[in-house]
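If you're wondering where the values come from, they're calculated on a predicted model, not measured in any experiment.
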Amino acid sequence: MSNENSGSGPSMTRGQFLRGGAAIAVAASVSTAAAVPSALAQSATGKGIPGKNGINPGNYIGGDGSYQRYLESGIRLGYMPNPGNLDNPGPDKNSGWNSDILLEALKRVGINKYEYVAGPWETMVPGLQSGRFDMLLSDVHVTPARVDIIDFTTPVYWYGDILVVPKGNPAKIHSWEDMAGKKIGTVRGENYSEMLQKRTDLGGLSLYTDNPTLAADASAGRLDGIMVSDTEFVPLLHENPGLQLEIVSDYVPHSDPIDWTRFGCRKGENDINNVVSHALGEMFIDGTTLQLLKRYDMGTRNLFIVVGS
């Protein structure tokens, strides 16, 4: 992919999502959509593949004209550079699981011209409202406050807590209940620390200030297991293959199962939301979304949620 992105902003919490802030001007070049291996799915060219997503991009007529406008003129994708993570483009890379997924959906409906526009987290929603961005590339979660001011695509993927253990899982922890009597660690201030601090049956709870220190102690066997955020911890494992750690594949997340990631659309732009959501739904079913997530060591746990007790 030929995009060259510049500029960055401090990592923001989702609690700061709606807080006002001055948008930063970041130059971004216009490019054709990133190449996706043909084995993943047939991608649209020109004006798309008629009927491929339940929408014929060549003659679709909607109510507000937003799809036709972006088909002809291209689309500006707002995102927050996230150093150390693999979800969004960053200063030294032009891809991530969010961009891989959304750009494939755009290709399928014939939108092959796009522009990355970067900004800090708190400018995402205001930037979408003001027209600085046309769609949010950074993952967005539904809240009552947000649905009043922006729209959302269909759910795309999910993430919450994962259970990570030393290689071989010597303490044989597979569930929330299995943590009883075990030495567990997590990052202080995370939702997971609050969940774990309410328990009285753990063999010990250690709270850490950051994921690298937590990972090092778990890898050394000083903890039986750790409860961490999927999308924050997976990049650390991805980039540090020497860590003697593994994700427990059959662990059922304890997080809210309705917290699906979606892409944000401007309020009232129903046409672009409609066609992109059709494409995203197809990608979920035909396996493309799963294959794109697997590039980054994510997988079925991010698509299929089994509600815990």
Side-chain angles (χ1 to χ4, degrees), residues 1-5 26-38 40-79 87-89 94-119 124 127-140 150-157 261-286 288-289 291-292:
M1 186 158 62
S2 62
N3 291 74
E4 294 179 0
N5 302 304
V26 181
S29 61
V30 175
S31 167
T32 56
V36 174
S38 59
L40 292 177
Q42 292 184 359
S43 299
T45 57
K47 288 196 173 183
I49 300 173
K52 177 74 173 174
N53 313 296
I55 294 286
N56 185 334
N59 61 16
Y60 173 75
I61 299 175
D64 58 65
S66 55
Y67 167 64
Q68 188 65 34
R69 184 167 64 253
Y70 298 133
L71 186 66
E72 295 173 355
S73 302
I75 193 166
R76 294 166 298 176
L77 304 175
Y79 80 105
D87 55 350
N88 294 331
N94 289 315
S95 63
W97 62 70
N98 284 335
S99 53
D100 287 357
I101 291 170
L102 183 53
L103 292 181
E104 173 65 13
L106 292 173
K107 283 203 302 182
R108 291 189 181 205
V109 299
I111 298 176
N112 295 310
K113 185 166 62 174
Y114 66 92
E115 180 182 358
Y116 286 147
V117 183
M124 291 294 104
L128 185 61
Q129 291 177 288
S130 70
R132 183 166 181 257
F133 318 127
D134 301 315
M135 184 174 284
L136 296 185
L137 176 67
S138 289
D139 56 270
V140 179
I150 66 171
D151 288 336
F152 294 86
T153 66
T154 191
V156 182
Y157 64 92
T261 289
R262 308 162 193 252
F263 299 119
C265 301
R266 190 152 38 247
K267 201 75 174 174
E269 293 200 340
N270 300 323
D271 288 358
I272 187 64
N273 193 344
N274 187 12
V275 295
V276 170
S277 289
H278 271 75
L280 290 168
E282 178 196 75
M283 290 165 58
F284 187 104
I285 294 298
D286 71 17
T288 300
T289 300
Q291 291 187 51
L292 292 174

Judged by atom type as modelled, is there a donor-acceptor pair below 3.5 Å linking the side chain of [X] to the main-chain atoms of [Y]?
X      : Y      : result
Arg132 : Met124 : no
Arg76  : Gly131 : yes
Tyr67  : Val109 : yes
Thr154 : Ser277 : no

Would you indicate whether the side-chain heavy atoms of [Y] and [X] approach each other to under 4.5 Å?
X      : Y      : value
Ile111 : Val275 : no
Asn270 : Asp151 : yes
Tyr70  : Met135 : no
Ile101 : Met283 : yes
Tyr116 : Ser99  : yes

### Residue that, paired with Phe263, satisfies side chain to side chain contact (heavy atoms under 4.5 Å, CB included) out of Val276, Asp139, Asn98
Asn98
### Task
For a side chain to side chain contact (heavy atoms under 4.5 Å, CB included) with Ser66, tell me which candidate from Leu71, Ile75, Ile272 qualifies.
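Checked Leu71, Ile75, Ile272 against Ser66; only one passes side chain to side chain contact (heavy atoms under 4.5 Å, CB included): Ile272.
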### Query
Of the options Lys113, Arg266, Arg69, which is the one that meets Asp134 in a salt bridge (Lys or Arg N to Asp or Glu O under 4.0 Å)?
Arg266
